[in-house]
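Only one structure is covered here, and it is reproduced in the block below.
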Amino acid sequence: GGRRTFRFFEPSMDENARARLQLQQDLRRAIAEGQFELHYQPLLCFSSNVMTGCEALLRWRHPERGMVPPLDFIPLAEDTGLINEIGDWVMRTACAEAASWPSDIRIAVNVSPVQLKSPTLALRIAGALSAAGLTPERLEVEITEAVLISDDNVALGILHQLHDMGVRIALDDFGTGYSSLSYLKRFPFDKIKIDRCFVSDIGAGSSSAIVQAVVSIAAASNMTTTAEGVETGAQQSALRELGCTEMQGYLFSPPRPAAEVRALFAAHRADGRTASSFGRGPRSDAA
Ligand code: C2E
Ligand code: CA
Ligand code: CA
């Protein structure tokens, strides 16, 4: 290793590098061969019990490995820059799908910090909206605070361009990582998504106090709040009590393929069923 250092070679080093390279090649092929698909997870308003939107979640149907979850390939796509191409596909596909939904249903799309380094992103998003014929108000872009950690003027500039167009901006996974309340001052977010970790132990410890604090901060700045990962009726009641605006989680619905979500809209409108009647667990994510 130089400088009076020696290191032992481990076969696993080679294996890791090979696996990464393979995944990278597979990812390029996935784009070319259309192996990606989007699933959509509904969001439900606490006060009216109606669906207000869906979050688009990326799925990769790998020819040999089956469904690969996003967290297994998005980091590599970010490292290699492939996330830009994938992200553009996600945006175009999600906007086109949402254009066929009832007009009061929004679409939320995750945008990686890497995508926010590209000065033309706002232009490409505007292109996706107009190609789909979707009004900007129906699109919500979800970003994580990683975007705000470095005082990144390119990213902030893009967020302002999008906001000026009428696109809503949500701060995702709030409360994890390097969360700092000062990030809330760097951009006028429309929504805070409260991370699942506060929802899962809402009955115990300090989580409910934290959720309550976030709800108050949000309300004071005209932001709404979405509780993520709601799995039980008890969590739902506690969150409603604390004043959260919306919920998202397996209790109401897992992410589902486009066709299932369209059927869900029809059923939801037809008989105005309540939240728990759709709780079927993460069924569509398997396979
Ligand atoms: P996220 O944005 O926080 O998305 C929510 C994740 O929580 C999704 O995982 C969803 O399936 C899962 N989830 C929803 N309800 C529940 C619940 O009740 N219980 C539990 N345990 N989990 C629930 P998923 O689909 O595996 O996505 C993981 C992450 O991958 C996302 O986290 C997001 O950061 C990223 N991701 C997904 N699609 C995209 C995309 O198109 N672009 C980018 N840049 N990132 C994406
Ligand atoms: Ca998200
Ligand atoms: Ca999240």
Side-chain angles (χ1 to χ4, degrees), residues 27 30-31 36-44 53-61 67-95 97-98 106-118 121 125 128 139-147 155 168-177 179 189 191-202 214 225-236 239 246-257 261 275-276 278-286:
L27 265 182
I31 299 172
F36 289 118
E37 56 191 76
L38 291 181
H39 284 193
Y40 300 88
Q41 185 175 35
L43 278 78
L44 192 79
C54 286
E55 176 176 4
L57 292 157
L58 185 59
R59 299 288 179 264
W60 178 12
R61 208 177 276 279
M67 255 342 178
V68 186
L71 293 178
D72 288 2
F73 65 89
I74 285 180
L76 183 66
E78 289 177 330
D79 285 354
T80 54
L82 285 170
I83 192 71
N84 285 302
E85 224 176 307
I86 299 173
D88 284 350
W89 177 86
V90 169
M91 189 60 74
R92 287 195 307 268
T93 309
C95 288
E97 178 60 30
R106 291 202 183 93
I107 177 75
V109 177
N110 293 286
V111 168
S112 146
V114 175
Q115 291 172 267
L116 279 154
K117 289 192 165 91
S118 160
L121 182 69
I125 293 180
L139 174 64
E140 192 160 79
V141 161
E142 296 192 0
I143 63 154
T144 60
E145 66 214 1
V147 172
R168 293 163 50 92
I169 312 289
L171 184 55
D172 204 355
D173 302 340
F174 190 72
T176 61
S179 267
F189 291 100
K191 176 188 279 188
I192 298 177
K193 296 192 78 172
I194 302 170
D195 192 72
R196 185 163 78 225
C197 66
F198 298 106
V199 171
S200 56
D201 61 352
I202 192 81
V214 175
T225 46
T226 300
E228 297 192 280
V230 181
E231 296 181 353
T232 67
Q235 290 167 352
Q236 182 188 20
L239 290 159
E246 288 171 332
M247 68 163 210
Q248 177 180 0
Y250 296 158
L251 175 67
F252 180 58
S253 170
R256 298 165 187 264
V261 168
S276 51
F278 291 112
R280 297 274 186 273
R283 178 163 56 92
S284 336
D285 272 8

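Counting starts at 1 for both ligands and their atoms, following the listed order.
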Where does [X] meet ligand 1, judged by heavy-atom distances below 4.0 Å: at the side chain, the backbone, both, or neither?
X: Pro255; result: side chain
X: Glu228; result: side chain
X: Arg59; result: side chain
X: Arg196; result: side chain
X: Val90; result: side chain

Shortest non-hydrogen separation from [X] to [Y] and the atoms involved:
X: Gly87; Y: Gln115; value: CA-NE2, 3.4 Å
X: Glu145; Y: Leu171; value: N-CD1, 3.8 Å
X: Val90; Y: Leu38; value: O-CD1, 3.7 Å
X: Pro75; Y: Pro70; value: CD-O, 4.0 Å
X: Glu228; Y: Asp195; value: OE1-CA, 3.7 Å
X: Thr93; Y: Tyr40; value: O-OH, 4.0 Å

Please compare [options] and report which has the shortest non-hydrogen distance to [atom].
atom: atom 43 (C) of ligand 1; options: Asn110, Thr232, Val111; value: Asn110
atom: atom 3 (O) of ligand 1; options: Asp173, Val109, Ile86, Val230; value: Asp173
atom: atom 35 (C) of ligand 1; options: Val114, Val199, Thr144, Ile74; value: Ile74

Is there a side-chain contact between Ile86 and Leu27 (heavy atoms, below 4.5 Å)?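 Answer yes - side chains close enough.
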If we count only N and O atoms by modelled type, under 3.5 Å, do the side chains of His39 and Gln41 hold a donor and an acceptor together?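 Distance-only check fails for His39 and Gln41.
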Pairs of nitrogen or oxygen atoms closer than 3.5 Å, one from [X] and one from ligand 1: do any exist?
X: Leu58; value: yes
X: Gln248; value: no
X: Glu142; value: no
X: Glu78; value: no

Measure up the Trp89 and Phe36 rings against each other and bin them: parallel (under 30°), tilted (30 to 60°), perpendicular (over 60°).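 Tilted: the ring planes of Trp89 and Phe36 meet at 30° to 60°.
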Give the atom numbers and elements of ligand 1 that come within less than 4.0 Å of a heavy atom of Pro70.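 Every atom of ligand 1 under 4.0 Å from some heavy atom of Pro70: 24 (P), 25 (O), 26 (O), 27 (O), 28 (C), 30 (O), 37 (C).
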Atoms of ligand 1 less than 4.0 Å from Glu231 heavy atoms?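 Per the distance check, 17 (C), 18 (O), 19 (N), 20 (C), 21 (N).
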Heavy-atom count around Glu85 CD within 6.0 Å, excluding the residue itself: above 12?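 It does not: Glu85 CD has 12 such atoms or fewer within range.
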Tell me every residue that passes side chain to side chain contact (heavy atoms under 4.5 Å, CB included) with Glu142, counting only those two or more places apart in sequence or in another chain.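 With neighbours one apart ignored, the set is Glu55, Ala108, Asn110, Ala170, Asp172, Lys193.
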Distance (rounded to the nearest 0.5 Å) between Asp72 CG and Met67 CE: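 Output value for this atom pair is 13.0 Å.
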Once rounded to the nearest 0.5 Å, what's the spacing between atom CD1 of Ile202 and atom CG of Leu239?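 Interatomic distance, Ile202 CD1 to Leu239 CG, rounded to 0.5 Å: 4.5 Å.
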Enumerate the protein N/O/S atoms at a distance below 3.0 Å from the Ca ion (ligand 2), ignoring waters.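 Listed by chain and number, the nearby protein N, O or S atoms are Glu55 OE2, Asn110 OD1, Glu142 OE1, Asp172 OD2.
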